[in-house]
Amino acid sequence: MMCFVRGVLANHYRIPSESMLPTLEIGDDVLVLRRAYDHAAPQRGQVMVFEDVHDPRTLLIKRLIAIPGDHVEIVDDKLIINGEAATYENLHDVGQTTLLRECLLGDCREIYRIRGITHPDVAFVVPKDHFFMMGDNRDNSNDSRYWGFLPRENIVGLASRVLWNLRLAGVVPTGDLSRVGQKL
């Protein structure tokens, strides 16, 4: 029974990179609900695990920014979806990195930006059965801005909660127990 639950209904995914900081840290294991989209459409703001569009053996995790039919613009590194511009609140500066609260279409999240890095302005419509994904570490994420739209068939599941955080400091395991159970 446990194998059925783990393989078919849910699984876990270990965060391998900094692309989803500050939301997810290297070493976080997240609960992935594999059947979440069987009878429900993915929603903007959700964090999803999916097969890399160039190598289906590799799994990635990013935030869903835009759904099919959305008109997306990124102007001066600010998101605009269907004519509504995101708002940004500076929360904290550390070195060259700025922690911001980004709010768009009723959903807010914390993101990282690296001061001095800019990206070209773009405008597009998300095609049918495709999604536009971005990492929360906006200037350190290989996402839809670089590899294009995510096909629906590549979605593995909804990343729901942090299960645990475990890192090795030499041979000693460490972690942040306060993150256990954190909703994404």
Side-chain angles (χ1 to χ4, degrees), residues 11-38 40-86 88 96-100 102 104-105 107-160 162 184:
N11 211 333
H12 69 93
Y13 174 78
R14 171 147 302 161
I15 305 304
S17 75
E18 296 180 342
S19 72
M20 283 298 293
L21 282 172
T23 306
L24 295 168
E25 298 178 3
I26 293 175
D28 281 351
D29 269 83
V30 296
L31 175 63
V32 179
L33 304 177
R34 297 177 63 89
R35 307 293 302 266
Y37 302 120
D38 285 359
Q43 301 295 307
R44 288 181 212 93
Q46 292 179 327
V47 178
M48 299 181 354
V49 173
F50 54 91
E51 297 171 347
D52 185 321
V53 296
H54 298 297
D55 179 7
R57 296 169 298 168
T58 300
L59 296 180
L60 301 174
I61 188 166
K62 305 288 179 207
R63 186 174 301 278
L64 175 54
I65 300 297
I67 60 176
D70 278 348
H71 182 268
V72 179
E73 296 175 81
I74 303 175
V75 178
D76 294 328
D77 289 319
K78 293 175 179 68
L79 277 170
I80 304 166
I81 298 182
N82 300 327
E84 186 172 324
Y88 296 89
Q96 289 295 89
T97 304
T98 300
L99 176 65
L100 299 166
E102 174 185 75
L104 179 61
L105 298 171
D107 183 47
C108 296
R109 70 197 55 85
E110 292 181 355
I111 65 169
Y112 277 151
R113 295 300 317 260
I114 299 172
R115 286 187 303 287
I117 292 183
T118 59
H119 302 277
D121 292 351
V122 295
F124 53 85
V125 175
V126 180
K128 181 180 179 183
D129 294 324
H130 287 77
F131 302 91
F132 184 75
M133 312 296 293
M134 292 178 79
D136 289 349
N137 192 351
R138 294 292 165 80
D139 299 315
N140 192 12
S141 177
N142 182 15
D143 53 37
S144 285
R145 295 171 292 174
Y146 304 102
W147 43 257
F149 302 108
L150 174 69
R152 184 177 177 94
E153 63 265 15
N154 286 48
I155 297 171
V156 172
L158 170 69
S160 170
V162 175
L184 302 177

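The chain is numbered in sequence order, starting from 1.
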Validation: residues 63-72 side-chain donor-acceptor distances under 3.5 Å, sequence neighbours left out:
| residue | atom | partner | partner atom | Å |
| --- | --- | --- | --- | --- |
| Arg63 | NE | Asp136 | OD1 | 2.9 |
| Arg63 | NE | Asp136 | OD2 | 3.4 |
| Arg63 | NH1 | Gly45 | O | 2.6 |
| Arg63 | NH2 | Thr23 | OG1 | 3.4 |
| Arg63 | NH2 | Asp136 | OD2 | 2.8 |
| Asp70 | OD1 | Arg44 | NH2 | 2.9 |
| Asp70 | OD1 | Asn82 | ND2 | 2.9 |
| Asp70 | OD2 | Arg44 | NE | 2.8 |
| Asp70 | OD2 | Arg44 | NH2 | 3.2 |
| Asp70 | OD2 | Ile67 | N | 2.9 |

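Under the 3.5 Å distance criterion, the side-chain polar atoms of Ser144 are matched with a main-chain donor or acceptor of Met133. Checked by atom type and distance alone, the side chain of Arg145 never pairs as donor or acceptor with a backbone atom of Asn142 at under 3.5 Å. For the pair Asp28 (side chain) and Glu25 (backbone), a donor-acceptor distance under 3.5 Å is present.
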Apply side chain to side chain contact (heavy atoms under 4.5 Å, CB included) to the pair Leu150 and Met48, showing each step before the final yes or no.
CA-CA 11 Å; Leu150 174 69; Met48 299 181 354; 4.0 Å; yes

May I have the step-by-step check of side chain to side chain contact (heavy atoms under 4.5 Å, CB included) for Val47 and Met20, ending in yes or no?
CA-CA 9 Å; Val47 178; Met20 283 298 293; 4.1 Å; yes

Taking it one step at a time, do Met134 and Ser141 satisfy side chain to side chain contact (heavy atoms under 4.5 Å, CB included)?
CA-CA 7 Å; Met134 292 178 79; Ser141 177; 5.9 Å; no

Can Phe132 and Ile74 be said to form a side chain to side chain contact (heavy atoms under 4.5 Å, CB included), step by step?
CA-CA 12 Å; Phe132 184 75; Ile74 303 175; 4.2 Å; yes

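In this structure, the salt bridge (Lys or Arg N to Asp or Glu O under 4.0 Å) partners of Asp38, at least two apart in sequence or on a different chain, are Arg35. Under the rule for a side-chain contact (heavy atoms from CB on, under 4.5 Å), the partners of Gln96 that lie at least two apart in sequence or sit in another chain are Ile114, Arg115. In this view, Phe149 and Phe124 satisfy the ring-ring contact (aromatic ring centres under 6.0 Å, His included) rule, not counting sequence neighbours. The side-chain contact (heavy atoms from CB on, under 4.5 Å) test applied to Ala86 returns Leu79, Tyr88, Glu102, Leu104, not counting sequence neighbours. In terms of the ring-ring contact (aromatic ring centres under 6.0 Å, His included) criterion, residue partners of Phe50 (sequence neighbours excluded) are, by chain and number, Trp147.
Distance check: Leu99 CG to Glu110 CD gives 4.5 Å after rounding to the nearest 0.5 Å. Between the CG atom in Leu31 and the NE2 atom in His12 there is a gap of 10.0 Å [rounded to 0.5 Å].
A heavy-atom distance below 4.5 Å is not found between the side chains of Arg113 and Thr97. Within the 4.5 Å cutoff, the side chain of Gln46 has heavy atoms near those of the Tyr37 side chain. Between Lys62 and Phe131, every side-chain heavy-atom pair lies at or beyond the 4.5 Å cut-off. Taking the side chain as every heavy atom from C-beta outward, Leu24 and Tyr13 never approach each other to under 4.5 Å.
Summarising the geometry of Pro42 relative to Ile155, their closest heavy-atom pair is CG-CD1, 4.0 Å, with the distance given to 0.1 Å. For Asp143 against Gly135, the heavy-atom pair with the smallest separation is OD2-N, 3.1 Å.
The residue from Asp121, Thr118, Ile117, Asp139 that alone fulfils the side chain to side chain contact (heavy atoms under 4.5 Å, CB included) condition with Asp77 is Thr118. Checked options Ile111, Asn137, Ile26; the residue passing with Leu21 is Asn137 (criterion: side chain to side chain contact (heavy atoms under 4.5 Å, CB included)).
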